[in-house]
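Take a look at the structure below.
Note that ligands are numbered from 1 as they come in the structure, with each ligand's atoms numbered from 1 the same way. Worth saying up front: this structure is predicted, and the values here are computed from it rather than measured.
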Amino acid sequence: MHYLVTGHTGFKGSWMSLMLKLQGHEVSGISLNPLKNSIFEKANLTKIFSHDFRIDIRDAQSLNKAVTKIQPEVIVHLAAQPLVRESYLKPLETFEINMMGTLNVLESSNLAKNLLATLIITTDKVYKNKNKLTGYIETDELGGWDPYSASKAAADLATQSWVKSFGKTPVAIARAGNVIGGGDSANDRIIPDLVRAISKNQKAVIRYPDAIRPWQHVLDCLNGYTSLIEQMIVLGVGGEWNFGPNTNEKHSVAELVEKFTNKCNIKEPIWIRDSTQQPHESNYLLLDSQKARNMLNWQDYLNFDMAVEWTANWATSEEPDLDKMIDQINLFLKLKNTKGI
Ligand SMILES: NC(=O)c1ccc[n+]([C@@H]2O[C@H](COP(=O)([O-])OP(=O)(O)OC[C@H]3O[C@@H](n4cnc5c(N)ncnc54)[C@H](O)[C@@H]3O)[C@@H](O)[C@H]2O)c1
């Protein structure tokens, strides 16, 4: 199967593309250039792609040309401006990329003659946050306070409208939580901030240590996406799907930081609480993924402890990045096959 992954130079896109490739698929990508020191660059992933286009998804003409050339059978749309704090600095750009960019990708899908499925990635942050203690379900009201969350909710609604109005092949929306894993190099994310602080012998400044988030290992999240795509192709399913950890896994930012520190075998404290005034971020956010568990037979294979352990193992290993990625993907697939789906 030929997959087009938008956002293939990013964190999830790098893991997704390599996992698909190792499972025998052909993969092409459309994104901006990778960040310096990104996993994409360090693992030299460009060589796994049939087409590696560096295009801004706001440029509909160039996007259409690339999709015409690639002729994908499956599109996984990950490309986005995905950071909350950046969205406060660049709100218009965030809306343009996340909402209009998504519509451009959907429009360009009309040019893929053999298309079987399109998966649009939004986020757990699309839900109107009510600090609900039980986890949001797919039919809950959408909202979004900060520009990132609102732009993703807008992308989600725009996709739903596009599907109802123009959809010909199955399109689904995946909403996942905060992923962790090896090789994330984004600014303003907990694990990358910790890794940078450790390497500089400094303390990481943590903004919301008490905030509860649905932490999930990146491979569990991506396995959710691929399980959904399989059912889209076989049964033609579409709609909206949550992929989060078990809702009794309630862990704060501080717990994540402490566990990561322990797993890296670091004895002294490596973080301090940020006491400055911060822009709004929700305090309590959990996802209910019962729909995916029941209807796709999807489950996560790494609990919170294992997810942090795999992330710490990555951070402390001296092995080359591509080898580490391949090892962890193979280990994950073995775990999946042993436990069954
Ligand atoms: N990482 C998380 O915890 C998390 C949680 C929920 C949802 N998501 C969603 O998953 C997706 C991937 O996130 P990530 O963590 O891999 O982000 P990332 O920042 O690592 O990667 C973003 C990718 O999008 C591309 N991109 C950005 N702007 C673009 C543009 N204008 N045109 C073309 N490409 C562009 C980048 O080049 C990069 O390849 C995003 O849609 C994000 O909203 C991520």
Side-chain angles (χ1 to χ4, degrees), residues 4-18 29-41 45-46 49 52-60 62-63 66-67 76-87 90 92-105 108 119-127 136 144 146-156 159 173-193 213-222 224-225 241-245 253 256 282 285 287 307 311:
L4 163 59
V5 178
T6 74
H8 68 300
T9 58
F11 172 52
K12 279 189 184 177
S14 295
W15 282 100
M16 181 81 184
S17 302
L18 185 60
I30 295 178
S31 304
L32 301 181
N33 286 326
L35 294 178
K36 207 162 168 268
N37 282 328
S38 63
I39 188 176
F40 183 91
E41 267 197 353
L45 288 182
T46 187
F49 294 91
D52 176 0
F53 285 106
R54 307 300 167 84
I55 286 169
D56 192 318
I57 54 169
R58 289 171 292 178
D59 174 358
S62 302
L63 182 63
V67 172
V76 183
H77 175 47
L78 288 157
Q81 189 304 90
L83 303 170
V84 173
R85 277 171 45 113
E86 183 85 356
S87 79
K90 297 177 180 166
L92 286 185
E93 192 177 311
T94 301
F95 273 95
E96 279 169 13
I97 297 172
N98 293 355
M99 193 188 77
M100 288 312 297
T102 298
L103 282 172
N104 285 342
V105 169
S108 75
L119 181 62
I120 303 295
I121 306 305
T122 65
T123 168
D124 55 346
K125 293 190 172 66
V126 294
Y127 294 109
Y136 294 88
D146 60 86
Y148 167 68
S149 305
S151 71
K152 279 291 197 173
D156 203 302
T159 301
I173 297 171
R175 302 166 180 161
N178 290 51
V179 293
I180 59 172
D184 194 358
S185 55
N187 288 319
D188 269 336
R189 278 194 191 144
I190 316 286
I191 298 288
D193 283 352
R213 293 281 179 271
W215 309 109
Q216 182 179 48
H217 193 272
V218 64
L219 292 173
D220 266 322
C221 169
L222 301 181
Y225 297 167
W241 299 81
N242 288 344
F243 294 99
V253 171
L256 172 67
S282 54
L285 182 49
L287 277 180
T311 309

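- For Phe40, the heavy-atom gap to ligand 1 stays at 4.0 angstrom or more.
- For ligand 1, the atoms sitting less than 4.0 Å from at least one non-hydrogen atom of Thr123 are 6 (C), 7 (C), numbered in the order shown with element in parentheses.
- Separating the CE atom in Met16 from the SG atom in Cys221 is a distance of 9.0 Å, to the nearest 0.5 Å.
- Checking Tyr136 against Arg175 by side-chain atom types alone, no donor-acceptor pair falls below 3.5 Å.
- Among His77, Glu86, Lys12, the residue whose heavy atom lies closest to atom 10 (O) of ligand 1 is Lys12.
- A heavy-atom distance below 4.5 Å is found between the side chains of Val253 and Trp215.
- Scanning Ala79, Gly10, Ala80, Ser149 for the heavy atom closest to atom 27 (C) of ligand 1 points to Ala80.
- Looking at atom 43 (O) of ligand 1, its nearest protein heavy atom turns out to be Tyr148 OH, 2.7 Å.
- Comparing Val5, Val179, Asn187, Thr6 by heavy-atom distance to atom 3 (O) of ligand 1, the nearest is Val179.
- The part of Thr122 lying near ligand 1 is the backbone, judged by heavy-atom distances below 4.0 Å.
- The contact set between ligand 1 and Asn178, taken as ligand atoms under 4.0 Å from a residue heavy atom, comprises 3 (O).
- Evaluated for a side chain to side chain contact (heavy atoms under 4.5 Å, CB included) with Ile121, the options Asp156, Ile173, Thr102, Leu78 yield exactly one hit, Leu78.
- Close approach of ligand 1 to Ala176 (heavy-atom distance below 4.0 Å) involves ligand atoms 6 (C).
- Close contacts of ligand 1 with Ile55, meaning ligand atoms under 4.0 Å from a residue heavy atom, involve 32 (N), 33 (C).
- Shown in contact with Ile97 at under 4.0 Å from a heavy atom are these atoms of ligand 1, numbered in order with element: 28 (N), 31 (N).
- Contact between Ser151 and Thr94 at its shortest, heavy atoms only, is OG-CG2, 3.5 Å.
- Near Ser31, with a cut-off below 4.0 Å to any heavy atom, the atoms of ligand 1 are 33 (C), 34 (N), 37 (O), 39 (O).
- Polar contact with ligand 1: absent for Asp184 (N/O pair, distance under 3.5 Å).
- Of the protein's non-hydrogen atoms, the one nearest atom 12 (C) of ligand 1 is Leu78 O, 3.6 Å.
- With contacts defined as side-chain heavy-atom distances shorter than 4.5 Å, the pair Arg189/Ile180 does not qualify.
- In this structure His77 satisfies the ring pair (Phe, Tyr, Trp, His ring centres under 6.0 Å) test with no other residue, sequence neighbours excluded.
- Proximity of Lys152 to ligand 1 is established by a heavy-atom distance of less than 4.0 Å.
- Residues Gln216 and Leu287 form no side-chain contact, since every pair of their non-hydrogen atoms from C-beta on lies 4.5 Å or further apart.
- Under a 4.0 angstrom heavy-atom cut-off, Arg189 registers as being in contact with ligand 1.
- Residues Thr9 and Arg54 have side chains in contact (heavy-atom distance under 4.5 Å, counting atoms from C-beta outward).
- Selection from Gly29, Gly13, Pro82, Gly177 by nearest heavy atom to atom 19 (O) of ligand 1 gives Pro82.
- In this structure, the side chains of Tyr148 and Asn98 come closer than 4.5 Å at one or more pairs of heavy atoms.
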